[in-house]
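Below is one structure, written out as structure tokens; the observations come after it.
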Amino acid sequence: MSGFSEDMPFFDEPNARPAAAPSGIAARAMAARSGQNGVPDYLKGLNPEQRLAVETTEGPVLVLAGAGTGKTRVLTTRIAHILATGRAFPSQILAVTFTNKAAREMKQRIGILIGEGNVEGMPWLGTFHSIGVKLLRRHAELAGLKSDFTILDTDDVVRLIKQLIQAEGLDDKRWPAKTFAQMLDNWKNKGLGPDEIAEGDARSFGNGKGRQLYKAYQERLQTLNSCDFGDLLYHPIRIFRAYPDVLKEYHRKFKYILVDEYQDTNTAQYMWLRLLAQRPQSSPLEGEVPAKRAEGVAAEGTAQSSNSTASSTAARTPPDRASPGHPPLKGEGNRRSSPINICCVGDDDQSIYGWRGAEVDNILRFDKDFPGATIIRLERNYRSTAHILGAASHLIAHNEGRFGKTLFTDRDDPEDDKVHVHAAWDSEEEARAIGDAIEAYQRQKHNLNDMAILVRASFQMRAFEDRFITLGLNYRVIGGPRFYERLEIRDALAFFRVVANGGDDLAFERIVNVPKRGLGEATIRQIHDTARAMRIPMLEAAATLAESDELKPKPRAALREVAANFERWQKALESTPHTELAETILEESGYTDMWKNDRSAEAPGRLENLKELIRSMEEYESLRAFLEHVALVMEAEQGESQDAVSIMTLHSAKGLEFETVFLPGWEEGLFPHQRALDEGGRSGLEEERRLAYVGLTRAKKNLHIWFVSNRQIHGLWQSTIPSRFVDELPETHIDIADSGNSYGGYGNPYGGGSFASGRGGGRQNPYGASRFDNIGAKDQGSFSNTYATPGWQRAQANRTEATDRNWGTRSGHQVERIGYGETDSGYGAGRTSVKGRTIEGELVAKSVADTPSAFNVGDRVFHQKFGNGNIAAIDGNKLTIDFDKAGQKRVLDGFVAPV
DNA sequence: CCCTCACACCATAGC
DNA sequence: GGTGTGAGGG
């Protein structure tokens, strides 16, 4: 319990009220007041809706905050307001965010509003997971853990599951551990324990052993004194349900609850919140209404916002009108709630974590869950130009099932650029062109810090990194290949973990034989078996084995050394400063020497990373605190001291804004991602569209969308078509870049036709949308081979006809699909061949459909990108071709034509 | 029994 | 382009 005392004094003073506030916050707030009306500085400059959201401190409040409407400002000001008016102590506010970044930013901004000193005392501001850890450390024993439990990352989890699958005698190839890890995640996201999962789900894995595996997994975690990410929410929920007294403590404790990004909460997070937010009273709720909602909420929301400006006393839905929203949660009872000061902020249009179990429904159902809720809409956008906003609004309007906010801005500057749409030949040209654009902005005195490239999938990042390295352009990758995921960091952390928690077998297994000590699979198995048989951790088992004569001299000596090392380090844990200890561990284990002796190119970088790791430990109190940070944060914090372009995924861009934003890779299959369509169907597509919306609304002034005609996926060049989202942008707000000719002389990339007509007229066209739907529906292939399938070939053929009709010409479908080649000098031959291929179009499609390949080794062929070459090998429809100029490449047979 | 190298197979997004 | 697995050498 030590370490948690900071808020203890208030624990038993549930009724501490403004008058009793001893902290001097109120006084400080008074000092901060300056206006004649007594309006504190921190409230100045808020618009009426924002101010209402800040000042409606009592009762449930839902703030529907569109992109760029000042959501974070409202949240932070609200907290500042609660503190400054002495409504609660910092320790009595529970504020939950999704990302560490958001939590950090909130802390900082509250600090600015009311003074640093007042925020340090906000121990319960953090991510769901970090707060979960805190709760769980306090009550670990109620979940069968010790308070020093370790948190496993995805990698550990998969390895553990693999062991269990093998232990069950199942084939781990047929039943991949990764798949089961995903299933586990889904279950835990729904708050389901092994006995609560659906029978069908339980049976669907490992010859019906799903449930059994789940149980075995949880048992194993317990013996390892570990938990996974899901447990950080799942355990507290179970504790709250099983121990009402514990829950009550927190009910007394938290006077105000605030939740950021409420649209991203999953069922488990929702349960967790409800348990904390609901103070059950005696009278049971009458009646039962199924959870259908939306219209009611929307209507109410509109009514609210229309009259909300009038007064700060919100017209609230009377409690009596309460409709008992959701099906009762287990163990929670169906009770009427007393008013809860919970404030959730979110935007249904930015819900992009469905794949992680997020339920948009949570936000749509808010007023049913919390009767009498005040719903406030923030629709005034302060971030983007009218063009950007117009493009984003028009795009998102293609979604059904939304509240339907209308963002607006007063901004009307004729100087503002429209949203630029660009085409490039392939991903390399895309990277080159974006690099050039960035440099051009730089010459106009734009900071690199104000620019970002937002990609759909992280593999897209490499092209930009490569390009920027050659240009010498500073960049930073956010949330990319993460620091902690690096081999050397994971190894080092494994050493530390074993020292901190001797029961962490997974970490132990990782490093027993690092550096190589001659302990192979056989020895490790023996340690494993001994540990299991004696029910002790592997480290102890190793020590035991080292003293027995069951091993050959060599491994025995090695084990003895390992065991002695860890014993020594564990002893030093309490007495030695942790950074020093960490260095000692890496030295004495021979780990640093291992890399010093390594002649490979990466070795110096790895040593550098290890130093960085040690450096970053300094900020933490202890080794344990550091390990927890690593487990939860997962991303190395990079200083923003340097001017650099940011590269990140669209997902990690949520909540951020940049002056200039580049959105590359708007192609069917990549964005919307084929897997999202395959797995999620229509709702999958809508989530992708919301992701596109998030991307568009990150930009303040300049926005550039790119698509390419050729992209390399899994080492194969694939032809691609522009994303349907490109078509969904409103013509009035976009500007088609018409000079793609700086590289290779492609001339007008749109083949002379206007962009819209080239694409079949987009919105008003008779075949646009449905044509794309066909592609999605008929195509059974996975992303990697989508474009080799008969369905795509057909779609392509249809497309050609359609476009031809539109253009009134009959030329190669490749040409107008991609839109290149008209004036191409460098690829002049390509044009002819492409045309030639078109004439054979039907034949090619047929051959792809019927037979693996119509080519023979030795055939001379032409490829649009690589030119002429000879086929060196054939593997199904994959050809290995020795190109005259480009060298050996593997390509799909659909993309070459006989010469 | 362990280590190294070549090969197969694979990659949406992240707390 | 990265990682996990298998065969062969030491």
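A, B, ... follow the sequence lines: proteins, then strands. Residue 1 opens every chain.
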Query raised in the report: 5'-most contact on DNA chain B: A:Thr127 or A:Gly518, nearest heavy atom basis?
Result: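 That would be A:Gly518.
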Report task. For A:Ser652 and for A:Ala522, find the nucleotide of DNA chain B with the closest heavy atom, then tell me which residue's nucleotide is more 5'. Result -> A:Ala522
Which part of the nucleic acid does [X] contact within heavy-atom distance under 4.0 Å: base, sugar-phosphate only, or nothing?
X        : result
A:Phe98  : sugar-phosphate
A:Thr523 : sugar-phosphate
A:Glu679 : base
A:Lys516 : sugar-phosphate
A:Lys188 : nothing

Rounded to whole Å, how long is the line connecting atom [atom1] of [X] with atom [atom2] of [N]?
X        : N      : atom1 : atom2 : result
A:Lys173 : C:dT3  : NZ    : C1'   : 14 Å
A:Leu232 : B:dC15 : CG    : P     : 13 Å
A:Leu632 : B:dC15 : CG    : P     : 10 Å
A:Asp172 : B:dC9  : CG    : C1'   : 15 Å
A:Phe459 : B:dA11 : CZ    : P     : 13 Å
A:Leu650 : B:dA13 : CG    : P     : 11 Å
A:Arg525 : B:dC2  : CZ    : C1'   : 15 Å
A:Glu465 : C:dG1  : CD    : P     : 12 Å

Under 3.5 Å, is there a donor-acceptor pair linking the side chains of [X] and [Y]?
X        : Y        : value
A:Gln166 : A:Glu168 : no
A:Glu667 : A:Gln718 : no
A:Tyr234 : A:Arg238 : yes

Query raised in the report: Closer than 4.0 Å, any side-chain N/O of A:Ser458 to the OP1 or OP2 of B:dA13?
Result: yes
Requested in this report: Kindly say if A:Lys162 contacts the phosphate of C:dT5, meaning a side-chain N or O under 4.0 Å from OP1 or OP2.
Outcome: yes
Once you measure the plane-to-plane angle for [X] and [Y], does it fall in the parallel (<30°), tilted (30-60°) or perpendicular (>60°) bin?
X        : Y        : value
A:Trp355 : A:Tyr353 : tilted
A:Phe229 : A:His129 : perpendicular
A:Tyr214 : A:Trp187 : parallel

Counting only side-chain heavy atoms from C-beta out, which of [options] sits nearest to [X]?
X        : options               : answer
A:Lys178 : B:dA13, B:dC1, B:dA11 : B:dA11
A:Asn513 : B:dC1, B:dC3, C:dG1   : B:dC3
A:Asp185 : B:dG14, B:dC3, B:dC15 : B:dG14
A:His651 : B:dG14, B:dA11, C:dG4 : B:dG14

